[in-house]
Amino acid sequence: MQRIFSGIQPSGIPTLGNYLGAIRNWVPLQADHECIYCVVDLHAITQWQEPSLLARQTRELAASLMACGIDPVGQILFLQSLVPEHAELAWIFNCVARLGWLNRMTQFKDKAGKDRENASAGLYVYPNLMAADILAYHATRVPVGDDQRQHLELANDIAQKFNHDFGADFFPAIEPLILGPAARVMSLRDGTKKMSKSDTSDQSRINLNDSAAAIAQKIRRARTDPEPLPGEPAGLEGRPEARNLVGIYAALADTDEAGVLSQHGGKGFAAFKEDLAGLLIATIGPIAAETGRLLADPAHVDGVLRGGAERAKRIAGPIVAEAKRLVGFLAA
Ligand code: AQP
């Protein structure tokens, strides 16, 4: 059985982008893979997080993942900072990855923005930690949104260079799983910008704990253009906001752009948005309710993350110990 690894940062409330690009695809993979899903708090602190908020967001995210259908008993759901092997292997990878490789990472450029000199060193080496997360488990398949494609290419480069430098066929190749018609959900305010949980505008995203009224209002206000919906996908060219809403609809209705447009082509956005809001409320409403139910017992949620970390450590421990031996470190 192939091993899956994927992670999500507790840097805010998970969004519709996180859900459609990643979490929703994690659920069916549990049927025929060994899945390891991680709340990556070490990644979250690459950008400033209020400490009291971080703990709360971590718990809320874990509850939200379970509410979406992640099975913490049959699979592993855990907190990254409870398994020190991630940071240990990341340090080794900091010494394997080349500066030139990191300089090409577009996520660092996007997140650091114009104030690059003031970005944390952690943000810069974020992809090395991500490579360590996956390779500490010898995971071979990684379901992510499209924004993470470049980081997975880098993880493969790191694995290959490690194997070459230390003369061992030790780390496996990683296959990205970028699934579904909404692998990159865009901001509701700007169709050229990714929907993000840390965007300063709450109107730019749908949060997985939004009420029905909030969802309906955000969709009603979502930026669009004055033209009606086209009859075919080619008509979405140069219309990023329209394409985004059609992509979201397609993902929720389990169809594709052509399927949505064959049904809604020619309609104005007001009618389309009403249908879309209805679909969103039907999907997110039950997730928000179940998350709330789970959060009524915070000790249980924390226990899941701790218990998962013990099980994760039993897998990562021997793999990282072997990586250290290959590097030439003395055994403990
Ligand atoms: N807009 C998106 N569309 C599709 N997939 C997305 N993902 C994130 N945003 C979108 C996918 O969600 C998974 C978890 O992401 P993450 O939390 O680890 O980091 P991120 O990609 O940086 O997500 P955010 O929401 O933008 O967080 P912040 O604002 O903290 O940076 C990944 O598989 C990602 O591809």
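One is the number of the first residue; the rest follow in order along the sequence. Ligands are counted one by one from 1 in listed order, and the atoms in each one are counted from 1 as well.
Looking at Arg184 against ligand 1, only its backbone comes within 4.0 Å, counting heavy atoms.
Taking every heavy atom of Met195 and a limit of under 4.0 angstrom, the matching atoms of ligand 1 come to 1 (N), 2 (C), 9 (N). Within ligand 1, the atoms closer than 4.0 Å to a non-hydrogen atom of Gln148 are 21 (O), 34 (C), 35 (O), numbered from 1 in the order shown. With ligand atoms numbered from 1 in the order given, ligand 1 contributes 27 (O), 28 (P), 30 (O) to contacts under 4.0 Å with heavy atoms of Ser11. Contact atoms of ligand 1 toward Ala22: 12 (O), 13 (C), 33 (O) (distance under 4.0 Å to a heavy atom of the residue). For ligand 1, the atoms lying closer than 4.0 Å to a non-hydrogen atom of Gly21 are 4 (C), 5 (N).
With hydrogens left out, the protein atom closest to atom 5 (N) of ligand 1 is Gly17 O, 3.1 Å, a heavy atom. Ranking the protein heavy atoms by distance from atom 29 (O) of ligand 1 puts Ser198 OG, 2.3 Å first.
Heavy atoms of other residues, nucleotides or ligands lying less than 6.0 angstrom from CG of Asp169 number 12 at most. The environment of CD in Gln2 is crowded: more than 12 heavy-atom neighbours from other residues, nucleotides or ligands sit within 6.0 Å. Atom CD of Glu175 has more than 12 neighbouring heavy atoms from other residues, nucleotides or ligands inside a 6.0 Å radius.
An N or O contact shorter than 3.5 Å is missing between Ser6 and ligand 1 by distance. Between Ser196 and ligand 1, a contact under 3.5 Å exists for at least one N or O pair.
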